[in-house]
Amino acid sequence: MPELPEVETVRAGLAAHVRGRTITAVTVYRDRAVRRQAGGATQFESMLIGRTITAVVRRGKFCWLLLSGPDGAGEDYALLAHLGMSGQLLVRAAPGGEHPHLRIRISMHDDGEVWFVDQRTFGYLTVDDLIPTRDGGPGGFAGPDPGPGQSAPSAAVPITPGPGVPHGRQTAAAGSVLPRPVVHIGRDLLDPLLAPGTPGRAGLNRRLRLGRRDLKRALLDQELTSGIGNIYADEALWRARLHYQRRTDRLRPAVVDELLDAATEVMREALVAGGTSFDALYVNVDGTAGYFDRALAVYGRAGQPCPRCGAIIVREAFMNRSSYFCPRCQRRPRRL
DNA sequence: ACTGCGTCCTGGGGGC
DNA sequence: TGCCCCCAGGACGCAG
């Protein structure tokens, strides 16, 4: 399932292939793939044709292409993508070709194409306005002006050891310019403004403990911090030795810090590996798969020994999905 | 205001 | 062999 590392892999692949190219034709094969678009497929197609892709940006699991107008006008709109469960963005060098789950075909002036392929159609594409925000929205970081170093439009912000990770165009007011559906999405853990030791990270730690809910539910809350899905939530909890049902209002700040560090690290490592692929449902823009699934400690490993202590990994239903954990390393809280 | 649950979707796999 | 049910889960909308 595409979570932050998988979407960043796709973003980087897209940026390398489509930046500077102009859209000449758009075909929507399945209306559900543009269900968020005001005006439907017709509006979607007409808003894209003639526009040039100037940058590819990501926050959490959302990825968007900045578009400039036919007359070279400013970047007023973005083509926003969410991959959902099974979405893929594939780049093709030559026109034509088919795929059983091809939902949208975007043709470019040099005969290249971008395909939105999605078996389960939980994902979608939509064209929407770019909204200047002061702090990235309700779940975002409200802090001091990051300074001129952060203000270069769509500049890649190098994060070692992974590839460059842009986090939206920073405005002079310490906010970001975001597609309308992303305004309420919190900054992700690879965002420099949430780096360990920063005021942003401290604020996230505090907001996480403000609520009274199960810890995993908070990790999955995309308004708090975005990009974490079921796989990396379980992996981060295992690394931090925390049970998913620990209640957020009873956690000490230092414990939450360790968990956020663990989540950051596991996603960075996955990014270096090109993401996690269980099957052909998640791939890079060229169709190649990542290999981080081999490094997973607990996710999908029910019945196998914990890599740390040897106890048998358990799978439980939680929030209508699966939670994997080590019953010895991650003790269930006495009080729920 | 805040928390939690139902819903959308499709193909693969297991059981009988 | 065929059929049916379960499973995967991100984000949103709504109920309480």
Side-chain angles (χ1 to χ4, degrees), chain A residues 1-8 10 28-38 58-64 80-89 99-104 116-126 128 137-140 178-186 188 206-237 244-251 263 267 275-283 289 293 296 298-303 315-324 336:
Chain A
M1 306 86 226
E3 303 180 30
L4 188 154
E6 293 75 36
V7 178
E8 171 55 23
V10 169
V28 175
Y29 299 101
R30 175 82 65 110
D31 281 342
R32 181 173 156 79
V34 292
R35 64 191 177 283
R36 302 266 164 208
Q37 182 74 52
R58 182 192 54 76
R59 171 179 287 200
K61 304 170 196 170
F62 288 85
C63 181
W64 59 95
L80 176 67
H82 195 290
L83 302 180
M85 284 291 297
S86 54
Q88 305 172 37
L89 286 166
H99 187 289
H101 307 304
L102 178 60
R103 310 307 188 196
I104 299 171
F116 179 61
V117 170
D118 192 0
Q119 178 198 101
R120 286 171 229 177
T121 62
F122 274 42
Y124 60 89
L125 302 190
T126 191
D128 212 327
L178 301 171
R180 191 178 299 275
V182 184
V183 165
H184 69 288
I185 298 297
D188 60 63
R206 183 167 30 80
R207 284 198 311 280
L208 187 146
R209 289 178 292 105
L210 275 180
R212 172 197 167 113
R213 62 228 275 221
D214 293 321
L215 182 52
K216 184 170 176 180
R217 192 180 292 278
L219 272 185
L220 293 173
D221 181 348
Q222 305 296 301
E223 299 196 19
L224 213 43
T225 183
S226 60
I228 302 174
N230 204 38
I231 297 174
Y232 297 111
D234 280 1
E235 293 297 310
L237 288 164
Y244 66 91
Q245 285 177 304
R246 292 288 292 271
R247 246 175 55 183
T248 51
D249 60 336
R250 297 198 186 116
L251 293 169
M267 290 195 291
T276 300
S277 307
F278 294 111
D279 49 40
L281 283 189
Y282 166 70
V283 291
D293 59 308
L296 296 176
V298 286
Y299 184 85
R301 307 211 180 271
R315 170 191 172 277
E316 287 181 1
F318 175 68
M319 291 175 69
N320 279 330
R321 65 201 65 198
S322 292
S323 277
Y324 298 91
L336 291 177

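To find a chain, count down the sequence lines: A is the first, B the second, and so on, and within it residues start at 1.
- Straight-line distance from the OH atom of A:Tyr232 to the P atom of C:dG9: 13 Å, rounded to whole Å.
- When the P atom of B:dT10 is taken as reference, atom CG of A:Leu102 falls 15 Å away, rounded to whole Å.
- Side-chain atoms of A:Gln119 lie closest to B:dG11 of the nucleotides B:dC9, B:dG11, C:dA8.
- In terms of modelled atom types and a separation under 3.5 Å, the side chain of A:Arg103 and the main chain of A:Gln119 share a donor-acceptor contact.
- Between the side chain of A:Arg321 and the base of C:dA8, no donor-acceptor pair of N or O atoms lies under 3.5 Å.
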For nucleotides 12-16 of chain C, print each protein N/O atom paired with a nucleotide N/O atom at under 3.5 Å, atom names and distance only.
| unit_1 | atom_1 | unit_2 | atom_2 | d |
| --- | --- | --- | --- | --- |
| C:dC12 | OP2 | A:His184 | NE2 | 3.3 |

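- Atoms CG (A:Leu220) and P (B:dT3) sit 14 Å apart, rounded to a whole Å.
- Side-chain contact check for A:Tyr29 versus A:Ile104: every heavy-atom pair is 4.5 Å or farther apart.
- Each end of the helix from B:dC2-C:dG16 to B:dC16-C:dG2 yields a helix axis from five base pairs, and these two axes differ in direction by 50° (to the nearest 10 degrees).
- Here C:dC7 is the nucleotide among C:dG10, C:dC7, B:dT10 with the atom lying nearest to any side-chain atom of A:Arg315.
- Under 4.0 angstrom from either OP1 or OP2 of C:dG10 there lies no side-chain N or O belonging to A:Arg217.
- If you take CG of A:Asn320 and P of B:dC9, they are 17 Å apart, rounded to a whole angstrom.
- Note: CG (A:Leu224) to P (B:dG4) measures 14 Å, nearest angstrom.
- For the pair A:Met85 CE and B:dT7 P, the interatomic distance rounds to 18 Å; values are reported in whole Å.
- A sub-4.0 Å separation between OP1 or OP2 of B:dC9 and a side-chain N or O of A:Ser86 is absent.
- The minimum heavy-atom distance linking A:Leu215 with A:Leu237 is given by the pair CD2-CD2, 3.6 Å.
- Distance, A:Arg301 CZ to C:dA8 P: 16 Å, rounded to whole Å.
- Between the CD atom of A:Glu3 and the P atom of C:dG9 there is a distance of 9 Å, rounded to whole Å.
- When each of C:dA11, B:dG4, C:dA8 is scored by its nearest atom to the side-chain atoms of A:Arg213, the top-ranked nucleotide is B:dG4.
- In the set C:dG9, B:dG11, B:dC8, the nucleotide with an atom closest to the side chain of A:Arg32 is B:dC8.
- Checked for salt-bridge contact, A:Lys216 and A:Asp214 miss the test: no charged N lies under 4.0 Å from a carboxylate O.
- Residue A:His101 places none of its side-chain N or O atoms closer than 4.0 Å to OP1 or OP2 of B:dT10.
- Between A:Tyr124 and A:His82, the two ring planes are parallel [angle under 30°; tilted spans 30° to 60°].
- Partner of A:Leu80 under the side-chain contact (heavy atoms from CB on, under 4.5 Å) criterion, chosen from A:Leu125, A:Asp128, A:Val182: A:Val182.
- Remark: ring of A:Phe122 does not overlap the six-membered base ring of C:dA11 in a stacked fashion, as centroids less than 5.5 Å apart with planes less than 30° apart are not both met.
- Taking both residues in full, the closest heavy atoms of A:Asp188 and A:Ser226 are given as CB-O, 3.1 Å, listed atom of the first, atom of the second, then distance.
- A side-chain hydrogen bond (donor to acceptor under 3.5 Å, both in side chains) with A:Thr126 is found for one member of A:Arg180, A:Gln37, A:Arg35, A:Arg36 and no other, namely A:Gln37.
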